[in-house]
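Here's the structure we're looking at; comments come further down.
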Amino acid sequence: MCKKEAHILGNGCNKPRESCLGIAPVPDGFKDSNWGRPISKKEAYEIIEKAEAFGLVHMIYNSQQDHYFICNCCGCCCNVLRGINKLNIPAGWVVSSNYYAAIDMAECSECGICTDERCQVAAIEKDHEAYRVVVEKCIGCGLCVTTCPSDAICLVRKNETDCEIPPKDEEEWFKMRGVNRGVEFSRYT
Ligand code: SF4
Ligand code: SF4
């Protein structure tokens, strides 16, 4: 959706557009759908691998179950990531992750791939002659880790006191959001 929007508005990028997956809980859930096409599990894996190769961030709902989509998008098209980049929104306000990237400066060969080609939220900066992760901006996606030629980057789990346990399911998540916004939520009313 975000990539399609960006292309319609003339702001599209050259990364794959067919990149987001919907997951139906029943067979043939997308049979006559007009917003996607049914694919095999094998093709779904291929789309995920292609997304990874193009540096697209994998994103899902913020709950332990009830998952019905996997978005794969970039910092220029994704409505969430673009918001972080254009409006300078702190990553933690809109993306929940219990991990952040860290660079071992002794191993870093200063090739710049992590910042020039992989990070979608500008969370890696060149600081004098060294690259470093700006932890407040990092969304813990791991895209920088998988292509570092020197194996100098790894994901680190935050302190347990800073880690968040995602809500059990979509209903619990909506209730939490309602409480945070001062409104009551009921799925059936
Ligand atoms: S990709 Fe790895 S080696 Fe290259 S600048 Fe980043 S941390 Fe250093
Ligand atoms: S994990 Fe790496 S690529 Fe992802 S946001 Fe953090 S620094 Fe950027």
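As a basis for the values below, the full set of heavy atoms in this structure was taken, side chains included, without hydrogen atoms, waters or symmetry mates. These numbers were taken from a predicted model, which means no experiment stands behind them. For ligands, and for the atoms within them, numbers begin at 1 and follow the listed sequence.
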Q: Look at atom CZ of Arg157 and say whether more than 12 heavy atoms of other residues, nucleotides or ligands are closer to it than 6.0 Å.
A: yes
**Q.** For atom 4 (Fe) of ligand 1, closest protein heavy-atom neighbour
**A.** Cys111 SG, 2.3 Å
Q | Shortest protein contact, atom 5 (S) of ligand 1 (heavy atom only) | A | Gly112 N, 3.2 Å
Q) Does Ile84 belong to the same Ile/Leu/Val/Met/Phe/Trp/Tyr cluster as Val57, with side-chain heavy atoms less than 4.5 Å apart forming each link? A) yes
Q) At a 4.0 Å threshold, what atoms of ligand 1 neighbour a non-hydrogen atom of Tyr131? A) 5 (S)
Q. So which protein heavy atom does atom 1 (S) of ligand 2 come closest to, and at what separation?
A. Gly142 N, 3.2 Å
Q: Please collect all ring pair (Phe, Tyr, Trp, His ring centres under 6.0 Å) contacts where either partner lies in residues 95-143, sequence neighbours excluded, each pair once.
A: none
Q: Report the residues that fulfil side chain to side chain donor-acceptor pair (under 3.5 Å) with Glu49, sequence neighbours left out, ordered by chain and then residue number.
A: none
Q | Backbone N/O of Ala152 and side chain of Glu107: donor-acceptor pair under 3.5 Å | A | no
Q: Among all protein heavy atoms, pick the one closest to atom 2 (Fe) of ligand 1 and tell me residue, atom and distance.
A: Cys148 SG, 2.3 Å
Q: State the atoms of ligand 1, each with its element, that fall below the 4.0 Å cut-off from a heavy-atom position in Ile153.
A: 7 (S)
Q | Nearest non-hydrogen protein atom, atom 8 (Fe) of ligand 1 | A | Cys108 SG, 2.3 Å
Q: Could you pull out all residues at least two apart from Asp32 that satisfy salt bridge (Lys or Arg N to Asp or Glu O under 4.0 Å)?
A: none
Q. For the atom pair CD1 (Ile39) and CD (Glu18), what is the distance rounded to the nearest 0.5 Å?
A. 7.0 Å
Q: Would you list the protein N, O or S atoms within less than 2.8 Å of atom 8 (Fe) of ligand 2, leaving out water?
A: Cys119 SG
Q.
Using a 4.0 Å cut-off to any heavy atom of Ser109, which atoms of ligand 1 qualify?
A. 3 (S), 8 (Fe)
Q) Hey, does the side chain of Thr115 reach the backbone of Gly112 with a donor-acceptor pair shorter than 3.5 angstrom? A) no
Q.
Donor-acceptor pair, distance only, cut-off 3.5 Å: does the side chain of Lys15 make one with the backbone of Phe54?
A. yes
Q: Could you tell me whether the side chains of Arg82 and Asn79 share a donor-acceptor contact shorter than 3.5 Å?
A: yes
